[in-house]
Amino acid sequence: MDDSPSPSSAQRKVLLSQPSDTPWPAVGIIRAVRRHADLSQRELARWASVHHATIGRIEAGRTVPSIDLLRRIIGVAGFRLAVVDEFGWVLRPMRDWDDTRDGAERRYPSHLDTILDPEPGEWWADIYGLARPPETFYRNREVRDAMRRRSQWEVRVAQHRGDSPPPRVWPYR
């Protein structure tokens, strides 16, 4: 079950953009930026510190810009890149915390909720009697999903005033 907030019926009816066969609508983005900023290809190129032919090739569909180049070009007009779903919900980047890395400086997998200072029973290797690390994560997807639903319900309790709370799941206390 998806634990992200569900869009309202009005949001479901209005898609942010139409599906496209092209993987990256750079042509339309660059043209819209130029129109908004009222800049010629040469002016946009000068402000973005790229060759004017690069802007021309992008607009002609002969070149697909890298994300870094696109960021630089659209930044001239004050725009920023964002990742949104079809309903316009913005995906916010995850923060990179120094204390969520293991002893070898590897990041924990992004889809797992990190537990700092785990208590007995919260680490999967407790059953083997291994020394508990300073951080770990829940491996059981059902437990993680239930904990997330409960957490979201608690944060948004005003929205769910009439709803019964989701059940508490071990190891949730």
Side-chain angles (χ1 to χ4, degrees), residues 1-116 135-138 141 144-145 147-161 163 166:
M1 177 176 202
D2 183 18
D3 48 326
S4 60
S6 61
S8 69
S9 60
Q11 289 169 321
R12 273 188 234 113
K13 292 178 187 173
V14 180
L15 293 178
L16 185 65
S17 63
Q18 295 299 318
S20 174
D21 291 338
T22 59
W24 191 256
V27 172
I29 292 170
I30 300 300
R31 290 183 65 229
V33 165
R34 280 201 316 114
R35 181 179 198 100
H36 179 79
D38 194 24
L39 296 172
S40 69
Q41 287 182 350
R42 287 183 184 268
E43 291 169 328
L44 179 62
R46 183 171 45 250
W47 284 101
S49 300
V50 298
H51 194 274
H52 67 88
T54 302
I55 303 295
R57 284 194 305 273
I58 293 170
E59 287 191 10
R62 292 192 310 263
T63 298
V64 176
S66 66
I67 290 177
D68 185 50
L69 178 58
L70 185 63
R71 280 181 46 213
R72 198 165 72 221
I73 293 170
I74 68 172
V76 166
F79 291 103
R80 303 290 177 263
L81 288 178
V83 176
V84 296
D85 67 10
E86 63 183 326
F87 304 108
W89 291 86
V90 176
L91 176 66
R92 301 183 81 177
M94 291 181 70
R95 292 179 65 182
D96 191 17
W97 300 91
D98 289 334
D99 54 356
T100 57
R101 294 177 182 259
D102 66 11
E105 291 300 310
R106 296 174 298 220
R107 285 187 186 93
Y108 281 109
S110 296
H111 68 289
L112 300 175
D113 299 321
T114 307
I115 306 167
L116 302 178
E135 67 282 315
T136 188
F137 48 85
Y138 296 115
R141 182 178 296 276
R144 289 194 323 262
D145 291 347
M147 290 176 66
R148 286 179 185 158
R149 279 191 300 277
R150 178 73 185 202
S151 175
Q152 287 178 344
W153 181 86
E154 288 172 353
V155 169
R156 296 178 185 94
V157 73
Q159 296 174 1
H160 302 288
R161 216 174 280 282
D163 300 348

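Note that the structure is predicted; figures quoted are calculated from it, not measured.
- Evaluation of the side-chain hydrogen bond (donor to acceptor under 3.5 Å, both in side chains) rule for Arg42 yields His52 as partners, not counting sequence neighbours.
- For the side chain to side chain contact (heavy atoms under 4.5 Å, CB included) with Leu44, the lone residue among Ile74, Val76, Thr54 that qualifies is Val76.
- Taking every heavy atom of both residues into account, Pro65 and Leu69 meet most closely at CB-CD2, 3.8 Å.
- With rounding to the nearest 0.5 angstrom, the CD1 atom of Ile30 is 10.0 Å from the CD atom of Gln41.
- Looking at residues two or more places apart in sequence or on another chain, you find a side-chain contact (heavy atoms from CB on, under 4.5 Å) between Arg62 and Arg57, Ala60.
- The shortest distance between side-chain heavy atoms of Val33 and Leu39 does not fall below 4.5 Å.
- In this structure Asp68 satisfies the side-chain contact (heavy atoms from CB on, under 4.5 Å) test together with Ser66, Arg71, Arg72, sequence neighbours excluded.
- Between the CD1 atom of Ile73 and the CD1 atom of Ile58 there is a distance of 4.0 Å, given to the nearest 0.5 Å.
- Pairs engaging residues 26-37 under the side chain to side chain donor-acceptor pair (under 3.5 Å) rule: Arg34-Glu59 [sequence neighbours left out].
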